[in-house]
Amino acid sequence: MNASSNPALPPDAPWIVLKFGGSSVARVARWGSIAELARQRHAAGHRVLVVVSALSGVTDALKAIGESADVGERRRLAEALAQRHIDFAAELGVDPALLAPWLAHLSELAASGGGSRCQGLYAWQAELLAMGELMSSTLGNAALRQAGLNSRWLDARDCLQAQPQPNQNEWARWLSASVPAQRDDELRERLAGRNADIFITQGFVARTADGCTAVLGRGGSDTSAAYFGAKLAAARVEIWSDVAGLFSANPREVPGARLLRRLDFQEAQEIATTGAKMLHPRCLSPLRRSGVPLWIRDTGNPDLAGTEIGPEAPDAAPSIKAVSTRRGITLVSMETIGMWQQVGFLADVFEVFRKHGLSVDLIGSAETNVTVSLDPSENLLGSDVLAALCEELAQFCRVRAITPCTAVTLVGRGMRGMLHRLRDVLADMGSLSVHLISQSSNDLNLTFVLDEADAEGLLPRLHADLIAACALPAEEDEVFGPTWAQLYAGDRASRPQPWWRARVEALRDIAAARGTPAYVYDLGTVRERARALRGIGAVSRWHYAIKANPHPAILRALETEGFDFECVSPGEVDAVREALPGLDPQRILFTPTMAGDDEFADALAQGLRVTFDCVEAVRALADGRHGGRSIAVRLDIGPGRGQHAHVRTGHDSKFGLPLADLPAFVEAAQAAGLVIDTLHAHLGSGVFDAGHWREVGLQLASLAERLPTVTTLNPGGGLGVPYLPGEPALDLGALGAGLDELRAAYPRLTLAMEPGRYLVAEAGVLLARVSRIKRKGRHVYVGCDAGMHTLLRPALYEAWHPVVNLDRPDAPRTMRADVVGPVCESADNLALDRRLPADTAVGDVLLVDIAGAYGAVMASDYNRRGRPLEIVLDGGAA
Ligand code: LLP
């Protein structure tokens, strides 16, 4: 036996409670980790209580036994369960005979179909349900002892006594019991007398005052761990499961969701109550009352940092910590005419909810309407219950049930003080059917209830919008940890260091020698991105959308990499021709917007490829002067996509030919002798869904089936670049695989694409010099010589660019400041609410990263502040 696990600690040594869920305890390999964790905690001077759930799936199987009226079936199910535990004992290498008393009791309970000493169906079901934890903890104790720990098995029923609650019905008394959880010195002394420092017990189970078994209901093992933590006045409770902790959004939907390193009890309660499945909301209040901190960790990766929940938040400034969603919400809208001010109206209607056993979550009220929401996780909401409720409510008001809805909740501190940051979020919500908005009176949440169909795909956009608006301060690394993708998705998320990291000295020298503001581009990075895209074999022709950055050196570099060009104006066409004299005009694709007839005619006359998006422009060529030429048509095939409303170019924008006009367009083209060889669609900019271009291509391909002259599909550009910290990069492999499928399905058609940003954004930085630092109240403004006239994106799209002080690149960033420019407009900013080194000073050089796309090209001479310099580095030379 391992000496470290002998009772070596004084009886008043602090306790740690470790809780492991069903999927951890059902895997043999995990018991090695569980033993190791217990050993480490013990070695650090803690007495350890391990609380376990039943093996995964066992509680459901026991529930099925408890709900079956057929004794034969109950016996069969019980035998299968017995066998599963015997097999697992063998896998663990422990003696299955340890299970014998439990297996005998299980078989007795299954056969009897009713309580032995404890009368009633629910008492019998509770006794059955408890068997899962009694067996798993018995096997677990043997596994711990086998691993060399001197552990003791503890019957949780001897420690947790269920207490009837006011208004509690019979079902809840047995199957969703509550236990008072104050410090329990009698229990501490009892365990001190047991000649061990490490114990293992069951989650979920308790005992009633008359000595029968009761269980704690959903999430019961977490709750048990919390009760034990409070009773033992533990140093902390640790909940070990399959994920590292709570995240800023559901990581299955938002790979860029950030691990929440630290939360206070109230925030965690709010996150758990509004949708996070990781933690049962019931387990927090016993811990909060007794001030015992809670850690959440990943059993499979014990070295990953997790979430720590404690009495105090590290940062009390207003901020959003998480976005959560709950599906399956039902709204009940009650329309009253002239009754609203009537005394007792609400009492009357809420009495009806009470009578039907329904607990109301959110409430919205107006002069003639009260709307409430019912959460399915708190209510047993069958359609019959709802119909009965509505029928009875109808005597007081006109009732309408709206279902299914989704509740989207922003959780954080000081929501009221943050509404101004939510401009974009609210703009997004504006296009959806929002039925109810509710702001909690504790100022910890803001909830929108919308049609379930409208909530599809909303979460990733919302999460990114909140970071961009600095409402979710992702830079606060005390609170926000790595993204889910960084923790679990491997390489794609861990982006390489930006090119300039190795050139900080050189950039400072450039700023000193050439002046600021200056954009600096690294051609090596442009070539790297170009090669990555050329690796996508399904695409035959790549056009660089030069609007992103028409610098001649970049155009030349991309031409060498085999790129053609996409231009939106005659000026852009000229820029390509000047940079690359003699370029074949067929390598230039001209896709103007709202251009006049002359522009189209001129482009055709120059021999360019031309994209049309309206019928009139083609009709103007009816004289046949360009007969025989091939053209592309840009179609409006759906709602816009992308990172900001201003860059979404689908329905509700001026772009694209409506599909209804396609027959007229085809007819006009035929009349003019023009051949439609390409179908094109570009729905927006900054898209991260790698399947997007395949979907657009599929839609175009199905249209092409009716147009035999079409040989090429062009699903546009818009490839997203991660600007936000920790945001995962676009998965080019998946993009390419999608396009391979498309090609395989339509072998007759070739593919063209026209990315801009992807090629140049990360290749460019903006250098600016600090000109003034100004404090106003608690606000710090760091003013510099670049502003909205230099980089318009933050002012125009609330775009988020990383900002680094090049003179103090490694200094701790402890000062919160707005980085602003010298332009006479209050929108003039480069970055809001950022962390900079506290000693940032006038004269320092700031670097604004990921500025190579839509940077210099959108600069202006507004306020006569002059345009920025542009400097190109090729292999290190300026
Ligand atoms: N093709 C068409 C028809 C376009 O309209 C655009 C961009 C692109 C391709 C290239 O999209 P990209 O791959 O660069 O996302 N100024 C905004 C972006 C405006 C994009 C306009 N059209 C920004 O700074 O985010």
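All ligand and atom numbering here is 1-based and tracks the order in the structure. In this chain, residues are counted from 1 in sequence order. Computation of the quantities below employed the complete heavy-atom set of this structure, encompassing side-chain atoms and omitting hydrogens, waters and symmetry-equivalent molecules.
Counting heavy atoms under 4.0 Å from ligand 1, residue Glu754 touches it through both backbone and side chain. For Phe655, no heavy-atom contact with ligand 1 is shorter than 4.0 Å.
Less than 4.0 angstrom separates some heavy atom of Met858 from each of these atoms of ligand 1: 16 (N). Close approach of ligand 1 to Arg757 (heavy-atom distance below 4.0 Å) involves ligand atoms 12 (P), 13 (O), 14 (O), 15 (O), 18 (C), 23 (C), 25 (O). Close contacts of ligand 1 with Ala545, meaning ligand atoms under 4.0 Å from a residue heavy atom, involve 8 (C), 9 (C), 10 (C). For ligand 1, the atoms closer than 4.0 angstrom to any heavy atom of Pro755 are 13 (O). Close contacts of ligand 1 with Gly756, meaning ligand atoms under 4.0 Å from a residue heavy atom, involve 10 (C), 12 (P), 13 (O), 14 (O).
Looking at Gly717 next to ligand 1, no N or O pair under 3.5 Å apart turns up. Of the polar atoms of His680, none of the N or O atoms is found under 3.5 Å from an N or O of ligand 1, judged by distance alone.
Other residues, nucleotides and ligands contribute over 12 non-hydrogen atoms within 6.0 Å of the CD atom of Gln586.
One side chain, Asp785 or Thr516, offers a donor N or O that lies under 3.5 Å from an acceptor on the other. Side-chain polar atoms of Tyr544 and Glu559 form no donor-acceptor pair below 3.5 angstrom.
Note that CG of Asp564 and CG of Leu583 are 7.5 Å apart. Values are rounded to the nearest 0.5 Å.
The shortest distance between side-chain heavy atoms of Arg577 and Leu580 does not fall below 4.5 Å. Here the side chains of His680 and Leu635 are not in contact, with every heavy-atom distance at 4.5 Å or above.
The closest approach between Gly716 and ligand 1 stays at or above 4.0 Å for every heavy atom of the residue. Using a 4.0 Å cutoff on heavy atoms, Ala548 does not count as a contact of ligand 1.
The option with the heavy atom closest to atom 15 (O) of ligand 1, from among Ser685, Ala681, Pro592, is Ser685. Considering Tyr854, Tyr758, Tyr723 only, the shortest heavy-atom separation from atom 14 (O) of ligand 1 involves Tyr854.
Note on ring orientation: taking the six-membered ring where Trp is involved, the planes of Trp542 and Phe563 are tilted (angle from 30° to 60°).
Using a cutoff of 4.0 Å between basic side-chain nitrogens and carboxylate oxygens, Arg793 and Glu798 are not scored as salt-bridged.
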Inset, instruction - Verify side chain to side chain contact (heavy atoms under 4.5 Å, CB included) between Tyr521 and Val765, making sure each step is shown before the conclusion. - result: CA-CA 7 Å; Tyr521 310 126; Val765 298; over 6 Å; no
